[in-house]
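Note that these values count all heavy atoms, side chains included, but never hydrogens, waters or copies made by symmetry. Order of appearance sets the numbers: ligands from 1, and atoms from 1 within every ligand.
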Amino acid sequence: MESRYKTYQTIENIGIAEGNEITLRGWVYKHRSKGSIVFIDLRDGTGICQCIASKNDLSEEKFELAKSLTQESSLTINGIVKKEDRAPGGYELQVTDLKIIQIAKDYPITKKEHGPDFLTEHRHLWLRSSKQHAIMRIRASVVKAIRDFFDGNGFKLMDSPLLTPNACEGTSTLFETQYFDIGKAYLSQSGQLYAEASAMALGRVYTFGPTFRAELSKTRKHLTEFWMVEPEMAFFDLNDDMDLAEDLVEYIVQYVLNTNERELRTLERDTTKLENIKRPFYRMSYSEAVEWLNRNNVPLIKKLPDGKEIEVPFPWGEDFGAVQEEAIMEQFDKPLIIHRYPTDVKAFYMKRDPENPKVVLAMDMLGPEKAGELIGGSQREDNHDLLLERIIQENLPVEDFQWYLDLRKYGSVPHSGFGLGVERTVKWITGASHIREVIPFPRMIHRIVP
Ligand code: 4AD
Ligand code: MG
């Protein structure tokens with residue numbers, strides 16, 4: 001089909017134009033002059049191409065123009081595409097003409113080292129840097145892989161609302177807002193409860209969108225606004241749920257390996273570690289994990305009322321923190337699923353294990369290389385009375401959950417689902433050191449600008 005809008009030659013596909021004269025449009029990434037040659041690293045959004053402006057090929061006026069360029073000035077460059085194995089993309093452009101669109105003055109992000117605060121304040125410009133550019137392209141691939149995986153496996157996309165009347169993942173991390181005359185509304189912490197209703201209507205669904213947590217955790221892994229994909233499947237039990245989670249993660253990683261070789265190289269990511277991410281992954285129960293912690297002397301650090309901290313053997317029933325998760329993961333080169341957590345540390349909607357009511361049919365997938373928790377999921381409580389009991393126990397307003405309880409009144413079936421955090425996944429795959437680098441505009445406790 002012929003395009004109705006302008007199609008440009010892009011740096012990404014420059015190889016097809018080898019030997020031809022083309023026009024590139026973009027911005028100056030780097031620039032230096034050496035005698036009668038000016039080297040311009042041009043970036044056009046798809047990649048970076050080294051352009052060689054030689055005094056011999058240009059009029060005096062154009063050559064002076066090339067010399068006058070500054071970082072991030074915008075321009076169009078005409079030139080002949082030459083194969084050059086030493087150039088970053090394998091090709092370079094021998095410049096025949098150039099036109100400046102705008103000369104940029106004093107671009108704030110320069111070659112010198114900038115601190116993370118400065119860069120985050122300039123996120124709107126930082127995105128142009130080659131590492132950030134590579135991370136964003138991988139993020140786009142991760143999102144595409146997720147959609148392809150579900151769309152190709154009989155799932156239907158069913159979006160959940162973001163403005164909601166009730167909590168899903170505990171009341172301590174809710175963002176509140178006034179909703180006209182009706183009263184308080186909350187930004188969604190998870191689309192799950194609605195995905196359950198959707199699954200009862202369409203069988204296998206996924207909801208994919210931003211979710212919000214007023215997280216007070218100031219870590220490298222927490223955002224207050226993050227993207228989550230949440231599949232929900234009628235007639236799936238916990239085992240089916242774990243199998244699906246493994247298939248999804250394997251698919252995403254292999255997709256990125258196949259699609260983003262160049263970006264992974266820019267990030268100097270050790271891809272052998274990612275090539276290894278193939279099923280089967282590892283699994284253990286929460287109780288086995290506690291035994292392992294105690295066999296290996298990984299304690300729980302307890303804060304006493306007087307503020308003093310003491311170390312105690314890890315007690316069954318306590319939730320794992322980053323310390324325990326990282327200790328356990330040190331022995332694994334692939335993701336690990338921990339299943340059957342204590343009922344008391346998990347959300348109200350999880351189904352109790354018929355074989356041991358002290359645990360729920362929950363599962364968390366932890367990633368290797370200190371990736372942390374990538375996935376949280378469970379089989380859902382499908383018994384009306386047990387679910388009501390849990391809602392009351394958690395002091396949740398029963399009237400707000402009537403619609404959710406209806407799902408257990410009219411054709412209740414076993415069902416399961418999980419949520420995968422997009423940023424946790426991108427952080428792991430790219431090897432980024434902080435989660436703020438893997439979302440275009442991060443939202444954290446102390447940051448909402450830009
Ligand atoms: O484990 P979580 O809280 O699970 C749920 O919200 C379930 N309702 C999902 C479901 O069963 N449908 O969150 C799921 C995932 C985590 O494993 C993590 O990857 C990510 O969401 N996540 C965060 N990512 C960034 N910043 C935060 N503050 C996050 N909190 C959770
Ligand atoms: Mg979780």
Ile429 backbone acceptor or donor facing Arg269 side chain under 3.5 Å:
yes
Parallel, tilted or perpendicular: rings of Phe332 and Tyr282 (30°, 60°)
tilted
Run the ring-centre check on [X] versus [Y] and record whether the distance is less than 6.0 Å.
X      : Y      : value
Phe401 : Phe348 : yes
Tyr286 : Phe320 : yes
Trp126 : Phe118 : no

Sequence neighbours excluded, the answer for salt bridge (Lys or Arg N to Asp or Glu O under 4.0 Å) partners of Glu246 is Arg283
Is Glu261 atom CD crowded by more than 12 heavy atoms from other residues, nucleotides or ligands, each under 6.0 Å away?
no
Mark yes when over 12 heavy atoms from residues, nucleotides or ligands other than Gln402 sit less than 6.0 Å from its CD; otherwise mark no.
yes
Pairs of donor and acceptor atoms involving the side chains of residues 135-144, under 3.5 Å and at least two apart or interchain, shall be tabulated with distances.
residue: Arg137; atom: NE; partner: Glu263; partner atom: OE2; Å: 2.7
residue: Arg137; atom: NH2; partner: Glu12; partner atom: OE2; Å: 2.6
residue: Arg139; atom: NH1; partner: Glu423; partner atom: OE2; Å: 2.9
residue: Arg139; atom: NH1; partner: Val438; partner atom: O; Å: 2.9
residue: Arg139; atom: NH2; partner: Glu423; partner atom: OE2; Å: 3.2
residue: Ser141; atom: OG; partner: Arg137; partner atom: O; Å: 3.3
residue: Ser141; atom: OG; partner: Asn260; partner atom: OD1; Å: 2.7
residue: Ser141; atom: OG; partner: Asn260; partner atom: ND2; Å: 3.4
residue: Lys144; atom: NZ; partner: Asp148; partner atom: OD1; Å: 3.3
residue: Lys144; atom: NZ; partner: Asp148; partner atom: OD2; Å: 3.0

For a distance under 2.8 Å, give residue and atom name for each protein N, O or S atom next to the Mg ion (ligand 2).
Glu373 OE2
Using a strict cut-off of under 4.0 Å between a residue heavy atom and any atom of ligand 1, list the qualifying protein residues by chain and number.
Glu169, Ser190, Gln192, Arg213, Glu215, Lys221, His222, Leu223, Phe226, Met228, Glu230, Tyr349, Glu373, Leu374, Ile375, Gly376, Gly377, Arg380, Gly417, Phe418, Gly419, Gly421, Arg424, Ile435
